[in-house]
There are 2 protein chains.
Amino acid sequence: MNAAPPEEIAFNIAAVERDTGLPKDTLRVWERRYGFPAPARDAHGERQYPPEQVEKLRLIRRLLDHGHRPAKICGASSEELMQLLAQHGRAAGAGEEGGCDTRLLECVCLHRSAELAAGLRQALLKQGLQRFVAETVAPLATAVGEAWLRGELEVSEEHLFSEQVQNLLRSAIGAQAGTGGRPRILLTTLPDEVHVLGLLMAEAMLVPEGASCVSLGTRTPLADIRNAAAGGDFDIVGLSFSIAYPSRQAIDDLLELRASLPPRIALWAGGAAVRDRQRRLPGVRVVGDLDDTLAALREWRSARENAD
Amino acid sequence: MNAAPPEEIAFNIAAVERDTGLPKDTLRVWERRYGFPAPARDAHGERQYPPEQVEKLRLIRRLLDHGHRPAKICGASSEELMQLLAQHGRAAGAGEEGGCDTRLLECVCLHRSAELAAGLRQALLKQGLQRFVAETVAPLATAVGEAWLRGELEVSEEHLFSEQVQNLLRSAIGAQAGTGGRPRILLTTLPDEVHVLGLLMAEAMLVPEGASCVSLGTRTPLADIRNAAAGGDFDIVGLSFSIAYPSRQAIDDLLELRASLPPRIALWAGGAAVRDRQRRLPGVRVVGDLDDTLAALREWRSARENAD
DNA sequence: CATCGGTTTTGTCCACGACAAAATGCCGAA
DNA sequence: TTCGGCATTTTGTCGTGGACAAAACCGATG
């Protein structure tokens, strides 16, 4: 009959910011404006967020990434929010999830690390690197993202997936790293983008085509990208933007980088935040998906031949 | 004679937070208390930090990580701060940097990515994985950290180093991943710790000894670590803490995790933030350095034999 | 359909007070 | 000496509410 919830587990505002990605200022102003979240207060008047509210904030955060507005959804119940998310899940799932290996997805959900690693390795051997990335990893990553969005995955499960894929891709890329092929491509993300899989997938598509890729990983400041690109004899700078990246900021950052980069260095951008934004990005090659990466490479090579 | 600095390049408070890692609240309260930083204001009264002040804040940030107090150093000039940092560099350098491969360090500084990759690969082949990690990677990582601390490296150079080492270690670990050896070890870091090299180095030491390691990468919430460890038949949870991690918080977090973890699962912690803190961490095996990782493994195995 | 202006929404910034948590310094006991 | 408490200082984080720029939205016009 322990009906009373264990009250000691409550989050302070800093923990909520960390867990949801919503800045403290935003949490406070939402409380003022929309009446949610409505945390309890401790003896000193400090906010104490119960776990349910943190959970709901996580749902809201995901819906925001998909274009909803806080005023509309802060009032809704958790069930309604889940329903909205499920709609997105279905919309995306219809196109992509169908093509994903459900056995591997199960491994992620059930935390079967050894089986997941083996299954991925097997798929890689069977399909070859490029098809493995385009047909197995990418749909799986989308499915994992959607599942995580719907709260069906724990953080540790998403991490496990990301780590395993990294291990495999980095090995495979390293195994065929050529020397000195053209174009030379510098791959990285901007400081607010932490997702690394997009970069690795791009690298895995490009290296087998004979391009020389140098990845700086995530979170490189704009000025450092410019310096590294100009000083390292690069032909192309490639940036990756996940769905969570604010689209407007991506555009501004790209235009700024384009302006500061020597004209001879091409600028490529890929990921959900820049898809269908080609029109607003003169001088930037927007790479729509992984196959488009190869198209962009062909374009670059034929343009270079003509220029010679 | 372009003496006037280009005034348009000034950072707002959010950019400074991102570049220095100092929270906005802290930046404002330092200004109030110590008179530094002293940003200009734009037409709307918002802070505009000139690049020199951001640079100095970065120096201060590094000194804080090494135990200095803000009140003492906010008043100092950039030159004095650099001198303080140089002292730390020498102190650490005397012990460690001497043992590091200066040719490879030069590759990092000069941004010679191909040469760096080749040099690392060669060292790995020559030394074998464990000696490579202990004798090449670890000293090099320390040297890179110190150089970055002294401002001798760009962000992009540090990133490049980290990426190259990751590529190599992940390949090497993947190549000898056994199946089902004991102990089964779950490796990760807490949410505020973003450095991944410590984890990879530990994994590289352990896997050749026949241990089964599963890495969740960085930033796993405490509750997820507990769930993953308890649900995955693990014997040991291993956490890594870089020098930048607040020592006190590391202790609290470790004790909390220790309490929530089943007693049969051992808890290991390594990295600068927990070194020499064994006394305050009952129930936690503090791993002093990479060689101590092997000692800890031997201890675990002999303890298990005796228990059987 | 694309673009422009006006309106609403939304996130971020400001000031300054308060106070908990951490670091430091001091003192007495093992 | 070294260690463990205890008082004091330092330091970071949280609170409030007002302001306003930037973004999103919406409708009208080329």
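All values reported here derive from a predicted model rather than from experimental measurement. Below, chains carry the letters A, B, ... as their sequence lines are ordered, and counting in each starts from 1. What you see below is based on every heavy atom in this structure, not just the backbone, and it leaves out hydrogens, waters and symmetry mates.
- Annotation: of the two residues near DNA chain D, Glu46(B) and Gly45(A), the 5′-most nearest-nucleotide partner is Gly45(A).
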Are there any protein N/O atoms within less than 3.5 Å of an N/O atom in nucleotides 8-10 of chain D, and if so, which ones and at what distance?
residue : atom : partner  : partner atom : Å
dT10(D) : O3'  : Arg69(B) : NH2          : 3.4

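- His68(B) places its NE2 atom 14 Å from the P atom of dG12(D), with the value rounded to the nearest Å.
- Contact check of residues 23-30 of chain A against DNA chain D (heavy atom, cut-off under 4.0 Å) returns Lys24(A), Arg28(A).
- Taking 3.5 Å as the limit, the base of dG15(D) and the side chain of Arg41(A) contain no donor-acceptor pair of atoms between them.
- Listed for the His159(B) side chain is a donor-acceptor partner under 3.5 Å among the backbone atoms of Thr218(A).
- Here the rule is side-chain contact (heavy atoms from CB on, under 4.5 Å) with Leu239(B), and of Leu254(B), Val284(B), Thr189(B) only Leu254(B) fits it.
- Checked by atom type and distance alone, the side chain of Asp292(A) never pairs as donor or acceptor with a backbone atom of Ala295(A) at under 3.5 Å.
- First and last contacting nucleotides of DNA chain C toward chain A (any atom under 4.0 angstrom from a heavy atom, 5' to 3' order): dT3(C) to dA20(C).
- Shown here for Val155(A) and Asp224(B), the closest heavy-atom pair between the two residues is N-OD2, 3.3 Å.
- Contact detail for Leu199(B) and Gly238(B): the closest heavy-atom pair is CD2-O, 4.4 Å.
- The distance from atom CD1 of Ile13(A) to atom P of dT13(D) is 13 Å, rounded to the nearest whole Å.
- Summarising the geometry, the separation between NZ on Lys72(A) and C1' on dA23(D) is reported as 15 Å, rounded to the nearest angstrom.
- Of all the heavy atoms in Gln48(A) and Arg41(A), the pair that sits closest is CG-C, 4.2 Å.
- Here dC14(D) presents its C1' atom at 18 Å from CZ of Phe11(A), a figure rounded to the nearest Å.
- Rounded to whole Å, the distance from CZ on Arg33(B) to P on dG12(D) is 8 Å.
- Residue Leu216(B) comes nearest to Ala228(B) through the heavy atom pair CD1-CB, 4.4 Å, listed as atom of the first residue, atom of the second, then distance.
- Arg47(A) contributes no side-chain N or O that forms a donor-acceptor pair with the base of dG15(D) under 3.5 Å.
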>> Please evaluate residues Glu55(A) and Arg58(A) with respect to the criterion salt bridge (Lys or Arg N to Asp or Glu O under 4.0 Å), reporting the C-alpha separation (whole Å), side-chain torsions for both, the decisive distance (0.1 Å), and the verdict.
In response: CA-CA 5 Å; Glu55(A) 201 51 52; Arg58(A) 234 199 292 270; 3.5 Å; yes
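- Whole-Å rounding puts the Ile60(B) CD1 to dG12(D) P distance at 11 Å.
- When atom types are taken as modelled, the side chain of Glu193(A) and the backbone of Ser242(A) share a donor-acceptor pair closer than 3.5 angstrom.
- With rounding to whole Å, His66(A) atom NE2 is found 16 Å from dA24(D) atom P.
- Closest approach of Pro70(A) and Tyr34(A) over heavy atoms only: CB-CE1, 4.1 Å.
- In this structure, Arg32(A) places its CZ atom 17 Å from P of dC14(D), rounding to the nearest Å.
- Note that the CG atom of Leu64(B) and the SG atom of Cys74(B) stand 8.0 Å from one another [nearest 0.5 Å].
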